[in-house]
Amino acid sequence: MATNALRSLWAEPRPTNAPGRGPRDWALVAVLICWSVVEVVLRQDLAPLPLQLLAVLAVLGPLLWRRTHPLVAVAVSCGTLTIVDIVRILTGSQGTLLNSTLAVLILAYALFRWGSGREAASGLGVILLWLAIITTHGADPTTLAEAVAGYAFFLFAAALGAAIRYRAKIRIRDIDQAKAREREQLARELHDTVAHHVSGIAIQAQAGRAIAASHPERAVEALAVIEDAATRTLTELRAIVGVLRASQDTEFAPQPGVAEVEQLATDGRTRPSVEVTLFGEFDDLSPAVGAAIYRLAQESITNARRHARHATQVTVAVTGDADRVRLTIDDDGSAAGGRAPAGYGLVGMRERASLLGGTFHAGPAAERGWRVEAVLPRTGTPR
């Protein structure tokens, strides 16, 4: 078991969402440069300035590439610091290095946060080798307690990087699962709706063949083509959508739609109360869009009841125009409700809207409370 775990760690790939250099990275380097300048001005117990400059560059330069090239950054930094220490020993230079060089801890963190398993193992070896050299043969006298503290700091930085890495990995997995569940539910609803209508087409075509004896031959041939195409389409839909749906029996009953959204309203005796308003025409609305509007409204109302602190009312408005349908849900809860826009329920709702070619937004309202807004095309073309 231990061997398999080590092999798994060794084969761990790099995270795929590593960000590039940004303003924060340059700000970090700028702060460390200012820190170094202040130390040079105020401290009197420093090593010669050329060695200080080389040590600072060895730490600050690789910080800009710590996510994209973590192993190279650690190797360059620790290797250069080792050379600086060796030069100090051979030349008998007095004084210590700048405290700003402790930013090398950031590189240890980045190695385990953004590096692959091979890079993390190799980089850890480089760090431990460097620590062994400077604690046993370094230019500055080091006690046993200081040596242990040095190892502890670097191991803590590495462990912190690994912990945040795997926490992000678990979160990405949970988000993917939430999206997959939403895709499965949408596929089931599409399957049930399409199967219902296509079954009707097949039945009508079969009836047409039965009474086509008194009609021209072309009508019989057309009905045969309709029957064949409808039957083949139904079979293909069952096979394709069956990959996405769970192993449940097909329900040929129509799915909830915009009309059923009104049933989500309450009579005012429960808190928060729910008020539903429908505007516009919804007669030719795609069944998938109607079902999505209902599910989004239902999930938003549930979230408001669970998380909207001190909320007394939830307002649901559905507006249909010539090209699209807009759903808006507002509650009057406290601004300190603490609802995070990255919740998995919101991830599923955003995925459903995206699959139907629409947009979704959830966040604090302008004055107070929380607003959920979705805009879907009437045709609901899945992407």
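Any value given below was found using the heavy atoms of this structure, including those in side chains, with hydrogens, waters and symmetry copies removed.
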All N/O donor-acceptor pairs, side-chain side in residues 58-76, below 3.5 Å, sequence neighbours left out:
from: Arg66; atom 1: NH1; to: Asp25; atom 2: OD1; distance (Å): 3.1
from: Arg66; atom 1: NH1; to: Leu63; atom 2: O; distance (Å): 2.7
from: Arg66; atom 1: NH2; to: Asp25; atom 2: OD1; distance (Å): 2.9
from: Arg67; atom 1: NH1; to: Asp25; atom 2: OD1; distance (Å): 3.1
from: Arg67; atom 1: NH1; to: Asp25; atom 2: OD2; distance (Å): 2.9
from: Arg67; atom 1: NH2; to: Asp25; atom 2: OD1; distance (Å): 3.1

Using distance only, find each side-chain donor-acceptor pair of residues 153-160 under 3.5 Å and give its atom names and separation, not counting sequence neighbours.
none

Return all side-chain donor-acceptor pairs below 3.5 angstrom for residues 316-327, not counting sequence neighbours, or 'none' if the list is empty.
from: Asp321; atom 1: OD1; to: Asp323; atom 2: N; distance (Å): 3.1
from: Asp321; atom 1: OD1; to: Arg324; atom 2: N; distance (Å): 2.8
from: Arg326; atom 1: NH1; to: Glu373; atom 2: OE2; distance (Å): 2.6

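Of all the heavy atoms in Leu356 and Val289, the pair that sits closest is CD1-CA, 4.3 Å. The shortest heavy-atom contact between Leu46 and Glu39 is CD1-O, 3.7 Å. Taking all atoms of both residues into account, the shortest heavy-atom contact from Leu376 to Gly358 is CD2-CA, 3.9 Å. Heavy-atom minimum distance, Arg113 versus Pro15: O-CG, 3.5 Å.
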#### Entry: Step-by-step side-chain contact (heavy atoms from CB on, under 4.5 Å) determination, Val56 to Ser100
CA-CA 7 Å; Val56 170; Ser100 58; 4.3 Å; yes
### Task
Given side-chain contact (heavy atoms from CB on, under 4.5 Å), test Asn99 with Trp35 step by step and report yes or no.
CA-CA 9 Å; Asn99 290 332; Trp35 181 6; 3.9 Å; yes
### Message
Walk me through whether Phe112 and Leu124 qualify under side-chain contact (heavy atoms from CB on, under 4.5 Å).
### Response
CA-CA 9 Å; Phe112 281 80; Leu124 181 61; 4.0 Å; yes
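Checking side-chain atoms of Gln52 against main-chain N and O of Leu98 turns up a donor-acceptor pair under 3.5 Å. Asp332 places a side-chain N or O within donor-acceptor distance of the main-chain N or O of Gln313, the cut-off being under 3.5 Å. Counting only distance, with no hydrogens or angles, the side chain of Glu119 and the backbone of Ser116 share a donor-acceptor pair below 3.5 Å. Formation of a donor-acceptor pair under 3.5 Å by the Thr302 side chain with backbone atoms of Gln298 is found in this model. Checked by atom type and distance alone, the side chain of Glu299 never pairs as donor or acceptor with a backbone atom of Leu296 at under 3.5 Å.
At a cut-off of 3.5 Å, with distance as the only test, no side-chain donor of Asp330 or Thr315 sits close to an acceptor on the other residue.
Transitive grouping of hydrophobic side chains (ILVMFWY, heavy atoms separated by less than 4.5 Å) keeps Val31 and Leu107 in distinct clusters. Tracing side-chain contacts under 4.5 Å through hydrophobic residues (I, L, V, M, F, W, Y), one never reaches Trp114 starting from Ile106; they form parts of separate clusters. A single hydrophobic cluster is seen to contain both Leu111 and Leu28, as judged by linkage of ILVMFWY side chains at heavy-atom distances under 4.5 Å, directly or through other members. Val104 and Tyr109 fall into different hydrophobic clusters, where Ile, Leu, Val, Met, Phe, Trp and Tyr are joined by side-chain heavy atoms under 4.5 Å apart, directly or via other members. Trp130 and Val126 fall within a single hydrophobic cluster, where Ile, Leu, Val, Met, Phe, Trp and Tyr side chains are chained together by heavy-atom contacts under 4.5 Å.
At least one side-chain heavy atom of Pro272 sits under 4.5 Å from a side-chain heavy atom of Arg305. In this structure the side chain of Val375 never reaches within 4.5 angstrom of the side chain of Phe360, judged on heavy atoms. A heavy-atom distance below 4.5 Å is not found between the side chains of Ile329 and Trp370. For the pair Gln263 and Pro256, the minimum side-chain heavy-atom distance is 4.5 Å or more. Side-chain contact between Met349 and Asn303 is present, with heavy atoms from C-beta onward closer than 4.5 Å.
Of the inter-residue distances, the one linking Ile133 atom CD1 with Ile89 atom CD1 reads 9.0 Å to the nearest 0.5 angstrom. To the nearest 0.5 angstrom, Glu281 atom CD is 8.0 Å from Arg378 atom CZ. A distance of 9.5 Å separates OG in Ser300 from CG in Asp331, rounded to the nearest 0.5 Å. Rounded to the nearest 0.5 angstrom, Ile86 CD1 and Thr91 OG1 are separated by 11.5 Å. A distance of 7.5 Å separates CG of Leu131 from SG of Cys78, quoted to the nearest 0.5 Å. Rounding to the nearest 0.5 Å places CZ of Arg352 at 14.5 Å from CZ of Arg350.
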